[in-house]
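All figures in this text were calculated on a predicted structure; none of them were measured in a lab. Order of the sequence lines fixes the chain letters, A, B, ..., with proteins taken first and strands second; residue numbering starts at 1 for each chain.
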2 protein chains.
Amino acid sequence: MREQRPFAEDLGFLLSRASGVIAKSASEALSPLGLRVRSYSVLAFVAEEPEGVTQRRLAALVGLDPSQIVALVDDLEDRDLVTRRPDPADRRNKRITATGGGHRLRDEARRRIDEAQAAHFDRLPPELLHELRKTLHGIAFPDNPA
Amino acid sequence: MREQRPFAEDLGFLLSRASGVIAKSASEALSPLGLRVRSYSVLAFVAEEPEGVTQRRLAALVGLDPSQIVALVDDLEDRDLVTRRPDPADRRNKRITATGGGHRLRDEARRRIDEAQAAHFDRLPPELLHELRKTLHGIAFPDNPA
DNA sequence: TATTGTTATACTCTATAACTATA
DNA sequence: TATAGTTATAGAGTATAACAATA
């Protein structure tokens, strides 16, 4: 009879708990800005694409169903953080781009996120953080070994 | 102006995506057994405590609010996987213990979970998995450096 | 008064299917 | 016919407050 690892050491369980801790702290950091983790993720990806992104691509980037992107973009658009315009070349596509205010809010959000995460990651050596990033990326995107 | 790391490399984002991938695969592995990730977590912790666990402690172990444990234990109890009995010494406490069937289902669930996780973790060297476990534990339980 | 378990409620997140407009 | 975006809906997960029984 082999010795069994306690469930508290199960990698899936630990991943879930650690992810929950970070998400909660991110959520609290973003709350004063009127952003949630998901709307911030959308804004962050949009702000990195000067040419704009389609909602389909946004869905793939964030890891949500395209139908869920609609309300997130609606909210950001209502607050003039992004614009949503049909692509003249293919009018089925909407190109989402960040406004000046969107970029500024994204910057402020990132500062807060970084500060919140520092409390969790600060004591870990940089090489370990680098390796953690690589490992998590491999798990999250098994087909895309960057 | 410093070079900024793309959001796709944000540790919180990667943690969330990786955790989601593993949770989805665990969910699919457990589904044929009529278990979800949360009910399996409860069952797994209960099965490790021959003396039984209070629901309060269970909540702390799994990382849920005590009010959420009620329905989970209700379901497991209805299926005769656990028993729920008042502690004679302090009748406010309920001692939750796993039945024979509970232990058997837990074993089968663990086999399936291990198999599902192997697909994600197999190619990672054991030392890295050990370090990952340690790192995630440190993030999830900052006060309890085991 | 404090603690355990419980109920109730509301909100967020997730998953899915069906519709529209364009191609 | 295929694709992008949209709407609607139901289910699961999460957070909070209040209550009964017991200490």
Side-chain angles (χ1 to χ4, degrees), chain A residues 12-13 15-17 19-28 30-31 34-42 46 52-78 82-97, chain B residues 12-13 15-17 19-28 30-31 34-42 46 52-78 82-97:
Chain A
F13 173 72
L15 253 178
S16 166
R17 291 297 299 264
S19 170
V21 165
I22 301 301
K24 180 166 189 174
S25 127
S27 182
E28 286 163 359
L30 293 174
S31 162
L35 289 173
R36 306 177 180 288
V37 172
R38 288 169 49 172
S39 49
Y40 167 64
S41 302
V42 168
V46 171
V53 210
T54 68
Q55 296 187 188
R56 216 81 190 182
R57 171 148 171 74
L58 218 34
L61 285 169
V62 184
L64 295 174
D65 191 88
S67 67
Q68 298 178 41
I69 298 294
V70 178
L72 294 168
V73 171
D74 279 351
D75 174 60
L76 296 174
E77 190 184 28
D78 287 346
V82 306
T83 63
R84 174 200 254 145
R85 278 171 301 199
D87 181 345
D90 180 343
R91 302 193 38 253
R92 288 175 305 183
N93 289 326
K94 310 280 175 74
R95 303 202 76 78
I96 317 299
T97 52
Chain B
F13 173 71
L15 209 40
S16 166
R17 290 297 299 263
S19 170
V21 165
I22 300 301
K24 180 165 190 178
S25 126
S27 183
E28 287 163 359
L30 293 173
S31 164
L35 288 173
R36 305 178 180 286
V37 171
R38 288 169 48 170
S39 50
Y40 168 62
S41 303
V42 169
V46 171
V53 211
T54 68
Q55 296 187 186
R56 217 82 189 179
R57 173 149 169 72
L58 218 35
L61 285 169
V62 184
L64 294 174
D65 192 87
S67 67
Q68 299 178 40
I69 298 293
V70 179
L72 292 169
V73 171
D74 280 350
D75 173 59
L76 296 174
E77 192 184 27
D78 287 346
V82 306
T83 64
R84 174 199 255 144
R85 277 172 302 200
D87 181 344
D90 181 343
R91 302 195 35 255
R92 287 175 305 183
N93 289 326
K94 309 280 175 73
R95 303 201 77 76
I96 317 298
T97 52

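Put simply, the side chain of B/Arg91 and the base of D/dT22 share no donor and acceptor less than 3.5 Å apart. For B/Arg56 against C/dG5, a side-chain N or O and a base N or O form a donor-acceptor pair under 3.5 Å.
Counting to the nearest Å, the C1' atom of C/dG5 and the CG atom of B/Asp87 are 13 Å from each other. In this structure, A/Arg57 places its CZ atom 12 Å from P of D/dG5, rounding to the nearest Å. Note: CD (B/Gln55) to C1' (C/dT7) measures 13 Å, nearest angstrom. When rounded to the nearest whole Å, the span between CG of B/Asp90 and C1' of C/dA2 equals 12 Å. Between B/Arg17 atom CZ and C/dT14 atom P the separation is 11 Å, expressed in whole Å. Summarising the geometry, the separation between CD on B/Glu28 and P on C/dT14 is reported as 15 Å, rounded to the nearest angstrom. Taking atom CG of residue B/Leu35 and atom P of nucleotide D/dG13, one finds them 12 Å apart after rounding to whole Å. Straight-line distance from the CZ atom of B/Arg85 to the P atom of C/dG5: 15 Å, rounded to whole Å.
When heavy atoms are screened at a 4.0 angstrom cut-off, B/Asp65 is found touching base atoms of the nucleic acid. Across all strands, A/Arg84 comes closer than 4.0 Å only to sugar-phosphate atoms, never to a base (heavy-atom distances).
The shortest distance between the side-chain N/O atoms of B/Gln68 and the OP1/OP2 oxygens of D/dG13 is not below 4.0 Å. OP1 or OP2 of C/dT14 sits under 4.0 Å from a side-chain N or O of A/Arg38.
The side chain of A/Val70 has D/dG5 as its nearest neighbour among D/dG5, C/dT6, D/dT3. Side-chain atoms of B/Lys94 lie closest to C/dT6 of the nucleotides C/dT6, D/dA4, C/dT14. Distances from the side chain of A/Asn93 to the nucleotides D/dA4, C/dT3, C/dT12 place D/dA4 closest.
If A/Pro66 and A/Lys24 are placed on DNA chain D by their nearest nucleotide, the residue sitting closer to the 5' end is A/Pro66.
No option in A/Val82, A/Leu61, A/Leu35, A/Leu76 other than A/Leu76 meets the side-chain contact (heavy atoms from CB on, under 4.5 Å) test with A/Val42. With B/Ser67 as reference, B/Asp65 is the one residue of B/Ile69, B/Asp65, B/Leu64 to meet the side-chain contact (heavy atoms from CB on, under 4.5 Å) rule.
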- Go through the steps to decide whether B/Arg56 and B/Asn93 satisfy the test side chain to side chain contact (heavy atoms under 4.5 Å, CB included), and finish with yes or no. CA-CA 8 Å; B/Arg56 217 82 189 179; B/Asn93 289 326; over 6 Å; no
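Closest approach of B/Ala89 and B/Asp87 over heavy atoms only: N-OD1, 2.8 Å.
Qualifying side-chain hydrogen bond (donor to acceptor under 3.5 Å, both in side chains) partners for A/Arg92, counting only residues two or more places apart in sequence or in other chains: A/Asp90.
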- Convert the base pairs of DNA chain D into dot-bracket notation, remembering that pairs crossing earlier ones are written with [ ] and that bases paired across to another strand are shown as |; include only Watson-Crick or G-U pairs under 3.5 Å. |||||||||||||||||||||||
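The closest donor-acceptor contact from the side chain of A/Ser27 to the backbone of A/Ala23 lies at 3.5 Å or more, if one exists at all. With B/Arg17 contributing its side chain and A/Val62 its backbone, the two residues share a donor-acceptor pair below 3.5 Å.
Taking 4.5 Å as the limit, some side-chain heavy atom of B/Leu58 sits within range of a side-chain heavy atom of B/Val73.
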